[in-house]
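Okay, so here's the structure we're looking at.
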Amino acid sequence: MSDSHPLIAGLNDKQRQAVSAEDGHMLVLAGAGSGKTRVLVHRIAWLIQQCHYSPFSILAVTFTNKAASEMRGRVEQLLGSSVRNMWIGTFHGLAHRLLRAHYMDVGLPQNFQILDSDDQQRLIKRLIKSMNLDDKRWPAKQAQWYINGKKDEGLRAHHIETYDPNEQTLKSIYEAYQESCDRAGLVDFAELLLRAHELLRNNTSVREHYQRRFRHILVDEFQDTNSIQYAWIRLLSGAQNYVTIVGDDDQSIYGWRGARVENIQQFMDDYPAVTTIRLEQNYRSTGTILRAANAVIANNAERLGKDLWTDGNDGEPVSLYAAFNEMDEARYIVGRIEEWRDQGNALQDVALLYRSNAQSRVLEEALLHARMPYRIYGGLRFFERQEIKDALAYLRILANRDDDAALERVINTPTRGIGNRTLDMVRQTARENQQSLWQAANAMVSQKSLAGRARNAVAAFIEFVENLDNETEEFTLGRLSDEVIRRSGLLAMYEAEKGEKAETRVENLKELVNACQNFNLDENEEQMSPLNAFLAHAALEAGEEQADEYQDAVQLMTLHSAKGLEFPLVFMTGVEEGVFPSQQSMDEPGRLEEERRLCYVGMTRAMQKLVLTYAEQRRIYGQEFFHKVSRFVAEIPADTLHEVRLQTQVQKPSSYSRFNNAASHEAFEQTGYQLGQRVRHPKFGDGTVLNYEGTGPQSRIQINFDQVGSKWLVVSYARLEPC
DNA sequence: GTTTTGTAGATTTTT
DNA sequence: TCTACAAAAC
């Protein structure tokens, strides 16, 4: 094969090896910023163009819809032709496709609907109540976690054998939940995977069909696969096809939700003659940033081993700022961003990363104060909004009357006199007769087992749904949704509400009609009804968050959501023991290593400049904490780190000081100490001045010692010296 | 049916 | 400290 082929020109040796490899199983260990997506895309194009595989015979799996659509787009761009018949999508999307195609084989109704995690939680909550369990002792969240965890491991309720009474209860909730879903024709996210797995496992002809079809299977972000996803890939790969997995064990940050890094090792054990290729040349960050990040991740014990390098510049050292408190931290960051902007740089090139969402607030306040536009990732997405879910619930009932989750949601929204008492009676009847709520309600109306007023209300609802269905039979999706939000009274209900929030809700409902109008069926969805396809789309691709993407704004997000992105200037905030690494992960070595990988992910987001910040004092949930600087900072080589100590006097926030007037401040200064100053104590060692109380020789001073934590000392007794 | 009051609980997230 | 959600009062 010639090196001059356009598909491998401009690639480095390793990338070229991966792209042009002979048929076989392959593991690509792709470090951060090593051109992983590029390799994947070129590999697919190579297989099609050079090896003459039909797009039809290729399966590419990703974790997010965004990654999937980007990959398809880039492959098409490279080939200059459409690859519509190539299967490329998320695990869930592909599983869904299998289930739609083989719904009879897996015992699902043709119009089955997808339950998102919000729907799932509501359903579980209701079930717990109906089982007469104490919902304080059995929180729906916990049960949901349990059920999904089991499904991710490939376990049905009947597979679980337990003598732990606690788990027995959870198991019984699992059973009841599954029964309820099956009756209503509902499939949750984990169920998509589990059922598709069972389909392939139990049905030889279906399995062999797909094994014959997919000659090449490529899986992205393999370190994030869980047990069922791995088992899935195993089933799809037979004697005549080849699996390529791409991933980075150092970027595995989703172990807490069932991802198994071990799957990479497992892959090497399970598949014969795996070619391993390491992509270690980094095209993103400066040499200094890479050196710092490499040093941090080197502290993890279980690694496949990889060292990033670059032939680019060293760049500036990593900055470390020790803030006085979280407000000071935010102020410092805003100051640095102003500097950056004044040098003619764009705000959208700046990312503020934090460990937990709660940390964003102080940062937001500071940005707001400085009139600096910002954008937060990780909010509610379009199809997750309350008003949208209400409207979708009506559509779901039109598609499938037995969808209990949808019925519960809207039977009394807007209010139509079907209160909790009535609903409870319907629920009970449904349970007793093993029916759906809709069936039970119908039966109760005709048998007159409901009292007058309630019966009228329920009958009116049933009639409303049936009429709506009859009269909209021929409607397009757009007209149907418009009709639904009007005739259901949803639109009027939100229009009657006051406030900005209600206004956006009305707008969102109209936007939904818009989305319905513009919705086009994919080729593979042609056998589905447009309504079912749209509902599946809404559940599987919750849509973009609402934000003005075009405005030049600072980007705020958690470290987790930063994965896969890159920014010229990155701030990692709250780099403190107890915050990052988080308190909960500190006593378990495995979880601590995951935090370290998260740190590695954060650092490797930075292209030119990386700034770490921490606060000596931080208020969390109304409590003051004196955290030490994160252990990860100590793992960064000193020569790559530049420590910015407090140079100027910080304006002390009034809420922290009992004597915050200028005079007392001045008096304090005369003691010879400054807030934020570093001092040395003969017994306690080094620390930072945090606060003071009183004036004169009896004044006390608060110091956060590196070794022993925060202490109040009387200035005249404490033998402090500056250091 | 709506407003008020009380209380638990508060990493990380995609599908 | 704040928020969300559920029970209690109106």
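Lettering follows sequence order; numbering is per chain, from 1.
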Under 4.0 angstrom, heavy atoms only, what part of the nucleic acid is [X] near: base, sugar-phosphate, or nothing?
X        : result
A:Glu595 : base
A:Asn357 : sugar-phosphate
A:Tyr254 : sugar-phosphate
A:Ser117 : base
A:Thr64  : sugar-phosphate

Atom-to-atom span, [atom1] of [X] to [atom2] of [N] - whole angstrom:
X        : N      : atom1 : atom2 : answer
A:Gln584 : B:dG9  : CD    : C1'   : 12 Å
A:Ile620 : B:dA10 : CD1   : P     : 15 Å
A:Gln142 : B:dA8  : CD    : C1'   : 15 Å
A:Asp119 : B:dT15 : CG    : P     : 16 Å
A:Glu384 : B:dT14 : CD    : C1'   : 10 Å
A:Leu380 : B:dT14 : CG    : P     : 12 Å

Polar side chain donor-acceptor pair, A:Glu153 to A:Ser227, under 3.5 angstrom: no

Heavy-atom pair with the smallest gap, counting every atom of A:Arg416 and A:Ala457: O-CB, 3.5 Å

Aromatic ring pairing A:Tyr210/A:Trp87, orientation class (parallel under 30°, perpendicular over 60°, tilted between): tilted

Qualifying residues under side chain to side chain donor-acceptor pair (under 3.5 Å), relative to A:Gln555, sequence neighbours excluded: A:Tyr377

Residues that A:Arg122 engages under side chain to side chain contact (heavy atoms under 4.5 Å, CB included), provided they are two or more places apart: A:Asp118, A:Arg409

A:Trp256 aromatic ring stacked with six-membered ring of B:dT12, 5.5 Å and 30°: yes

Is_stacked (A:Phe189, B:dT15) at 5.5 Å, 30 deg: yes

Salt-bridge present (A:Arg195, A:Glu198; N to O < 4.0 Å): no

Using the 3.5 Å cut-off, write out each protein N or O paired with an N or O of nucleotides 3-10 of chain C and the distance between them.
from: C:dA6; atom 1: OP1; to: A:Lys125; atom 2: NZ; distance (Å): 2.7

Base partner of C:dT3, which must satisfy Watson-Crick or wobble distances under 3.5 Å: B:dA8

